[in-house]
Amino acid sequence: MRRYPLCLALILTAPLLRAQAADPVSVTTERMTFQVRVRPQGPRGATEPAPTEWVYNLRGGEITEVPTEVDVIKLNNGLIEAWVCPAFGARLLRTIDLKTGADYFAWTGDWNNDFLGFGTGGVEPSFPFFEHGVFLRQPSGHRIVRHDDGSVTVAMDMRFTHHQYPRDRRRYGRFTEESLNVMVTVWPGSTVVEYRMRRENPTPLPRAGRLWNCVTYDFPAPRIEQERVNRRTGETETVTVVDQDYVRERYRIIYPARWAVDHGPTQVHSVPHWSNPSNWRVSYFAIDAPYGIMGVYDRETRVNTLMFNDPEHSPGAKLYADFWSWAPGKVMVELWGGQGLVFEKPPPMFPAYAPVEGINHFALAQGIGEVTDGNREVAVAVDGTTFELITFRASDVVVRSGDEEVFAGAVGPHSPVRGAFDGRDLVVLRDGEAIFRQTFPLDRPTPARDEVVPKAVRETFEWLRSYGGEPERTEEMEQIMNNEGAPTALDAVRHARNAADDMTPARALSLARTCYRVGAFEEAEAMARRAPGPEADFVLGLIALERGQETDFGQAGPEADYLRALAWRRAGDGPGALALLDRFLERNPTAYRPRLARALWTEDREAAAGLSAENPGSPEALMVRRLLGDDTVEAGLESLLADNPEAREQVEDFRTEITEGRFRPLRRYEGRP
């Protein structure tokens, strides 16, 4: 069964699309005013306002519109213009094809909800514990990064420790210093825009990784009148509804997954399901989607709106398609990308201090039929033995099928080519290098009422349901709200207090780590002492540091070596500290903060520059470069810290940690008003 990597910390995306002879990307910042819809809030179903408790709309609550001024950064390469709004939760707000005027995403203008930000359109983070989890008006710092190939990245950094209401305990977890980096990149000569998310782990313990984004699309659809029986009154009435037959005929869902699960997940089935071949009115996650493409095709306009992912490193591919919208005369589709497979069931934990990433690319394929397959260079529509294709940057290509050359010439985003091939092998080459290769028809199951789920797919399904084969760690996965019936980390404290005498060591240690994470130190200590050994000593050492005590972490192994190195550094033993740090990194090579510490301790400016290129949204990395005497980062550092509540305080704490060797315990939910 496939096991998905936990992080992409060493995979840099700047060279993904090769530079061509094109003008560099221009950057302008425009102050724009949006109307934000505000409504009284409270728990689900509430009739009285309780805005600090939860963020559901009050039944019958009056909507008011509040004008909100924000900076919108516009990246323009002459082909597309991407709008990035750091103040709206690092949102890729809009992307426009400058030649055709087509929007890449739903553009709702002034239909913007305050707390649940899905109504604004574009691409939003869904982070970390609640779908549509980032508030619309969630501030982030940002910096503009210009690359040698002429591309530009808007790198953003968000911190969440200022969210201290009870509602935020469920929404953001608030066990540690939640942070999220979002990088939006546009290249010269390309109509592709990249949305890259990265979550740092600032803690000495492994963490679960929920890293998803949601992109919304809306499409014109007529309404028709229908008669139906009112279930409450029993009377027949005339209602206005979406013409669903029109929608299914005009729009095609591009979702070449093979097997999917519902939320939870509780069942697995082929895609599409035999009962719904159109894939409309569905909401499910693909757990077997090898082609890395999703989208919607408009048969009338011949426009494909496309979202690409890397099936190996960012396999998340959720489809939500329904017949409602926020605007009259429209229907809506949501596509979700993520670094896991199912939002409610994250992959196994990623290591202490190690990052996790998810990357998606967005594009339009215009003037060709329904896209069958593609990637961030090429989109191909295949019908039997004929093909149509475009490339997302203009160039000469050669198309081969088997041993035959079936096309050679110019192609680009607005210059489609058509041809015939053997119906099976199709290869697109640029400068002799294959930029697309596929065998048709795509390998997909035939939906059947009595379908048999393949063994490998069933194993993946069971693996997800058991939290990667470690069901004893369900609470440790940091689920905060009781989403789809999943246990929560807050449950761990209650379970530790009522623990049975015959609890397994693995279960006791998982509860110990989880109780430590939420600040229940007495329960954490009791659980750790039930399972003596290296893992227990590590938790007991962390508790000692929380209490201001000295510790050598006893029998704990290399997982404690970074914290031991800080103590040795504080004691003045630089070489000994470096040796311990290197032992830690040998076991955990992607750990970001320890690598920053090493760059500082060895005065390695090149390593520090590489780390800030790896995560251009990290103010901690720029702080290390500044400590090493690089004055060129000052403006970028200040820009990342501006409009970024409490980031400055957290960066200063990290500076103290790596310069003075003083470990600063994690900030938890403080409950302040």
Side-chain angles (χ1 to χ4, degrees), residues 129 166 169-170 173-176 201 203-210 264-266 344-352 459 461-561 563-564 587 663 665-666 668-669 671:
F129 307 112
R169 187 172 190 149
R170 294 186 291 267
R174 294 300 304 107
F175 294 160
T176 57
N201 179 3
T203 79
L205 286 172
R207 296 185 69 173
R210 283 181 181 84
T266 59
E344 295 86 9
K345 301 286 185 181
M349 294 195 173
F350 58 104
E459 288 177 348
F461 176 65
E462 297 300 336
W463 178 71
L464 284 167
R465 289 168 56 81
S466 66
Y467 289 92
E470 297 181 295
E472 70 277 0
R473 301 183 74 168
T474 53
E475 290 118 333
E476 198 175 345
M477 301 306 281
E478 299 188 53
Q479 181 84 20
I480 307 309
M481 62 176 291
N482 197 286
N483 199 1
E484 304 295 337
T488 75
L490 298 178
D491 292 332
V493 179
R494 174 171 54 87
H495 292 158
R497 289 171 181 164
N498 301 311
D501 293 337
D502 60 349
M503 178 177 290
T504 65
R507 173 70 169 148
L509 290 167
S510 179
L511 287 175
R513 288 186 292 266
T514 311
C515 289
Y516 164 76
R517 183 178 282 118
V518 302
F521 301 138
E522 291 183 7
E523 290 81 0
E525 184 175 9
M527 289 294 97
R529 295 197 184 283
R530 286 198 181 202
E535 292 182 71
D537 281 0
F538 185 50
V539 175
L540 294 172
L542 290 173
I543 295 170
L545 291 181
E546 295 272 357
R547 293 169 173 166
Q549 302 166 356
E550 293 291 330
T551 179
D552 63 1
F553 288 92
Q555 300 177 57
E559 68 271 17
D561 282 344
L563 299 176
R564 289 174 176 139
R587 174 173 171 170
F663 171 73
L666 307 172
R668 296 173 178 82
Y669 183 84

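The two residues Ala536 and Ala528 have their closest heavy-atom pair at CB-O, 3.2 Å. Residues Ala531 and Leu509 share a closest heavy-atom pair of CB-CG, 3.8 Å. Of all heavy-atom pairs between Arg530 and Asp501, the closest is NH1-CA, 3.9 Å. Between Arg465 and Lys345, the shortest heavy-atom contact is O-NZ, 3.9 Å. When all heavy atoms of Arg473 and Ser510 are compared, the closest pair comes out as CA-OG, 3.4 Å. Residues Gly557 and Arg564 approach most closely at O-NH1, 3.2 Å, considering heavy atoms.
In the displayed structure, Glu550 atom CD is contacted under 6.0 Å by at most 12 heavy atoms of other residues, nucleotides or ligands. Around atom CD of Glu522, no more than 12 heavy atoms belonging to other residues, nucleotides or ligands sit under 6.0 Å away.
In this structure, Leu542 and Phe521 have side chains that are not in contact, with every pair of non-hydrogen atoms separated by 4.5 Å or more. Taking the side chain as every heavy atom from C-beta outward, Phe538 and Leu563 approach each other to under 4.5 Å. The shortest distance between side-chain heavy atoms of Arg587 and Asp561 does not fall below 4.5 Å.
The CD atom of Glu344 sits 10.5 Å away from atom CG of Leu464, with the distance rounded to the nearest 0.5 Å. Atom CG in Leu511 sits 5.0 Å away from atom CE in Met503 (nearest 0.5 Å). Rounding to the nearest 0.5 Å places CD of Glu559 at 9.5 Å from CG of Asp537.
The main-chain N or O of Phe350 is never found under 3.5 Å from a side-chain atom of Arg207 such that the two would form a donor-acceptor pair. Looking only at distances, a side-chain donor or acceptor of Asn201 sits under 3.5 Å from a matching main-chain atom of Leu205.
Between Arg494 and Glu523 there is no salt bridge, since none of the side-chain N atoms of the basic residue sits less than 4.0 Å from a carboxylate O of the acidic one.
Side chains of Tyr467 and Glu476: a donor-acceptor N/O pair is absent below 3.5 angstrom, by distance only.
For the pair Arg668 and Tyr516, the cation-pi test (distance below 6.0 Å, angle within 45°) is passed.
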Self-check item: Step-by-step salt bridge (Lys or Arg N to Asp or Glu O under 4.0 Å) determination, Glu475 to Arg513
Solution: CA-CA 10 Å; Glu475 290 118 333; Arg513 288 186 292 266; over 6 Å; no
